[in-house]
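In what follows, every chain begins at residue 1, and chains take the letters A, B, ... in the order their sequences are listed.
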There are 2 protein chains.
Amino acid sequence: MDPHLLATFVAVARHGSFSAAAAELGYTQSAISQQIAALEADLGLVLLSRRPVEPTPAGARLLEHAGPLLLRLRAARADVLRAAAPPRHRLRLAATALAVNPVLAARLALARAEQPRLEVSLHIGDRARIGAMVAEGEADLGLADGIAAPSDPLRLPDTGPMTAAGVTEAALVVALPAGHPLAGRASLRLADLADARWLQTPLCPLERLRDLVGEGFRAGLDYQGDDVYTVVNLVAAGHGLTLLPVSALPGASAGPVRGVALAFPRLVHRVELLHGALPPGPAADLARVLSG
Amino acid sequence: MDPHLLATFVAVARHGSFSAAAAELGYTQSAISQQIAALEADLGLVLLSRRPVEPTPAGARLLEHAGPLLLRLRAARADVLRAAAPPRHRLRLAATALAVNPVLAARLALARAEQPRLEVSLHIGDRARIGAMVAEGEADLGLADGIAAPSDPLRLPDTGPMTAAGVTEAALVVALPAGHPLAGRASLRLADLADARWLQTPLCPLERLRDLVGEGFRAGLDYQGDDVYTVVNLVAAGHGLTLLPVSALPGASAGPVRGVALAFPRLVHRVELLHGALPPGPAADLARVLSG
DNA sequence: GGTGCTTACGCAGCACGTAATAATC
DNA sequence: GATTATTACGTGCTGCGTAAGCACC
């Protein structure tokens, strides 16, 4: 179970071809063939069916393990190196689309005011990408958002040993078209909206709602992006409802979308700060300021 | 970051000696020295101070990663092999001390009645041990218990990719000495008992309570065992209070210990079934019966 | 001076590339 | 017959053990 062989196996499975994997990894086809043979001999199992090259059931099982395993290996390396590296002034901050809310944007401004030498670049990605970037040292700090019960941690995908701490929790509202029959209510229960049509978005995945409340929440439009502007416009046009942090709704009073407070279950929009080793220095200072 | 070198590094750090690690691993001192040198050269960091042999800060950081990493590697191997192995009739069941409650004991009896050929051995250990046993294939199934909010998963230590599913949830009671002023109450709020003295036990760790409720919960006696008989006797003798599943309290009415229902926060004693790959066979059948 | 880590050196095994072979489309 | 995996074989490198060296107790 040499990680080197595991990486080769993953590449072959991804390409569905020994030669393509060889090209990617800078080996000859022959070397790849020998590596796969070695891995199969080690486990005593056939991992790939040839022609076409596809994982066998055992190979598929191994594939599920291999990715996270290799990520953790890279993450461990990055973490140890980062802990020992000299402090950096050029910090990379990775965040999901809704994570940089007004509070955190203000804290970031505060940190930059306090440390004039600090340079920050901000990178947006999905949750798994944020986790992987922080784990592998591509980002110094990460901010991930999600829907959770108050003071409950987010259920982030396991990307290795790193620290995740909640930094902000904000009220969630149901985003409804202004003309919606329920748009005038002071508050709503999620269960009352189980029969409505909902947007399926990364910001508010419907299976999460079903987890929390139960059946229902039919998918309307499936939006595979993460910018709030589009989502709001989709809601306004009646493609479906969604949950948003109150700060994400535009122009409080007028406008084509209404936000109605969520009375039950009690849910919040939670943002967590992710980081690995933080030796004293700008990164640790920024983490402190962002934590409030 | 060859896992082989990582394992050597862990052994050296554990023994505080190159030669002792060499003896354990079946190498010469020289080989160990070269392996550590290779690892240090790879990372560009000194991982161990020599004479005495102790981890440097960077080495300590690496040690935190190395254990889980190596566990995951063994777990992945065990999981793939298990998925491909022929079905076994001799099953090993690993459980924490409070996990085999009346419901699960009955389900286990049911499974044995349904499958006369089934042989089961039951092994008790702490949570981390249970997780590791299941991950590495030393046990076919695991049962772990803990305190959680209703239908919330337990926060089990990460021991790699395996399935954890709740199987039972039972009411929790506060165990009080019969003479305790509050022993007559119909129910109690945990916050009202924050000023009392509590047993510190693996079954009911006080930091978990502080997590859920807040400050307080002074530690009385620290009991580092996990048998309920002793715990009950310690409570009766006034060493401190503790939370137990209602089924763990002896003889409902009389006796030196009273159990009082927990009104708030709503907490349950939850048991989760852990397993890796489960190909059709006795192990999968047993898992199905245990799940109810 | 003894214990214990490091360095030097030689050898064996292994993993790669080249090239020939076999198998599938 | 073209493409692609496997097998055969030669080579260079890596990693081990033996043994000498060196440092700290």
Side-chain angles (χ1 to χ4, degrees), chain A residues 1-60 62-63 66 69-70 73-74 76-77 80 84, chain B residues 1-60 62-63 66 69-70 73-74 77 84:
Chain A
M1 291 274 296
D2 179 353
H4 184 208
L5 302 184
L6 233 41
T8 300
F9 173 63
V10 171
V12 171
R14 189 175 58 245
H15 285 102
S17 154
F18 282 51
S19 18
E24 179 193 321
L25 299 174
Y27 286 107
T28 58
Q29 297 160 355
S30 167
I32 301 299
S33 179
Q34 293 175 59
Q35 288 179 19
I36 297 298
L39 189 59
E40 290 183 331
D42 174 36
L43 291 171
L45 298 169
V46 178
L47 299 172
L48 293 167
S49 70
R50 320 299 154 97
R51 228 176 289 264
V53 173
E54 275 180 350
T56 62
L62 182 58
L63 269 183
L69 208 51
L70 294 172
L73 207 57
R74 291 191 302 271
R77 184 188 178 83
V80 172
Chain B
M1 290 274 296
D2 180 353
H4 186 207
L5 302 184
L6 232 42
T8 299
F9 173 63
V10 171
V12 170
R14 189 176 56 245
H15 285 101
S17 154
F18 282 51
S19 17
E24 179 194 320
L25 300 174
Y27 287 107
T28 58
Q29 295 165 0
S30 167
I32 301 300
S33 179
Q34 292 175 59
Q35 288 180 19
I36 297 298
L39 189 59
E40 289 184 331
D42 174 36
L43 291 171
L45 297 169
V46 178
L47 299 172
L48 293 167
S49 69
R50 320 297 154 98
R51 224 178 291 265
V53 173
E54 275 179 350
T56 61
L62 182 58
L63 269 182
L69 208 51
L70 294 172
L73 206 57
R74 291 191 302 271
R77 183 187 179 84

Between Gly16(B) and Tyr27(A), who's closer to the 5' end of DNA chain C by nearest nucleotide? Gly16(B)
Are the side chains of Leu62(B) and Leu43(B) in touch, meaning some heavy atoms are under 4.5 Å apart? yes
Identify whether any heavy atom of Ser19(B) sits under 4.0 Å from a base atom; if not, whether one sits that close to sugar-phosphate; answer base, sugar-phosphate or nothing. sugar-phosphate
Under 3.5 Å donor-acceptor pair, Ser30(B) side-chain atoms to dT18(D) base atoms: yes
How many whole angstroms separate atom CG of Asp2(B) from atom P of dC14(C)? 15 Å
Ala31(A) side chain, from C-beta outward: closest of dC16(D), dT6(D), dG17(C): dG17(C)
Nucleotide dA15(C), atom P - distance to CG of Leu25(A) in whole Å: 16 Å
Any Thr28(A) side-chain N or O less than 4.0 Å from OP1/OP2 of dG17(C): yes
Rounding to an integer number of Å, can you tell me how far Leu39(A) CG sits from dA15(C) P? 12 Å
Measure distances between side-chain N and O atoms of Ser33(B) and base N and O atoms of dT7(C), and say whether any donor-acceptor pair falls under 3.5 Å. no
dG15(D) C1' sits how many Å from Asp42(B) CG, rounded? 15 Å
Nearest-angstrom distance from the residue atom CD1 of Ile32(A) to C1' of dT4(D): 13 Å
Length of the CD1-P vector between Ile36(B) and dT6(C), whole Å: 9 Å
Looking at dG17(D), dG17(C), dC5(C), which one has an atom nearest to any side-chain atom of Gln34(A)? dG17(C)
Check whether the side chains of Glu54(B) and Ser49(B) place a donor and an acceptor atom closer than 3.5 Å, and report yes or no. no
Heavy-atom side-chain proximity of Arg77(B) to Asp42(A) below 4.5 angstrom: yes
Does dC16(C) have its OP1 or OP2 closer than 4.0 Å to a side-chain nitrogen or oxygen of Gln35(A)? yes
May I ask you to test the Gln35(B)-His4(B) pair for a side-chain heavy-atom distance under 4.5 Å? yes
Check the distance between dC16(C)'s C1' and His4(A)'s NE2 and give it to me in whole angstrom. 10 Å
Give the rounded distance in Å between these two atoms: CD of Gln29(A) and C1' of dT21(C). 13 Å
Can you tell if the side chain of Glu24(A) reaches within under 4.5 Å of the side chain of Arg14(A), non-hydrogen atoms only? yes
